[in-house]
Participant: 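First the structure, which I've put down as structure tokens, then a few questions once you've had a look.
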Amino acid sequence: MYEYEIYRSTSAELIRRADAEREIGRARRAARRSGRHDPEGKVSQGDPSRFAPAA
């Protein structure tokens with residue numbers, strides 16, 4: 001009976017951890033989605049040799 005209680009406790013803890021990680025993933029995806037329509041947008045650091053030097 002003791003082993004069964006340990007199994008149930010471990011199983012419940014793993015389920016809690018999985019739920020927490022799932023929520024973190026959802027929050028990150030929601031944060032990325034909310035920034036997509038930002039009029040300012042992101043500035044990329046790009047390759048500096050991409051453009052010719054100004055005259």
Side-chain angles (χ1 to χ4, degrees):
M1 192 67 177
Y2 180 72
E3 291 86 5
Y4 180 69
E5 290 299 322
I6 290 175
Y7 162 77
R8 299 239 328 153
S9 173
T10 304
S11 177
E13 177 62 25
L14 290 173
I15 290 170
R16 278 192 293 274
R17 285 184 188 180
D19 287 341
E21 288 182 22
R22 218 173 288 123
E23 287 299 318
I24 290 170
R26 286 181 187 145
R28 286 182 179 158
R29 281 191 299 278
R32 279 193 301 248
R33 274 190 230 120
S34 68
R36 284 188 183 165
H37 302 292
D38 185 13
E40 296 290 323
K42 282 188 174 182
V43 176
S44 65
Q45 293 299 323
D47 182 15
S49 64
R50 184 173 169 192
F51 297 103

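Because only heavy atoms are used, hydrogens play no part in the values below, and waters and symmetry mates are left out as well, while side chains stay in. Sequence positions, counted from 1, serve as the residue numbers for this chain.
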Participant: Looking at CZ of Arg29 and CD1 of Ile24, how far apart are the two atoms once the value is rounded to the nearest 0.5 Å?
Facilitator: 11.5 Å
Participant: Provide the full list of salt bridge (charged side-chain N to carboxylate O under 4.0 Å, His left out) pairs with a residue in residues 2-16, sequence neighbours left out, each pair given once.
Facilitator: Glu13-Arg16, Glu13-Arg17
Participant: Which Ile, Leu, Val, Met, Phe, Trp or Tyr residues join Tyr4 in one cluster when any pair of side-chain heavy atoms under 4.5 Å counts as a link?
Facilitator: Tyr7
Participant: Quick check for you: to the nearest 0.5 Å, what is the distance between Arg33 atom CZ and Arg26 atom CZ?
Facilitator: 10.5 Å
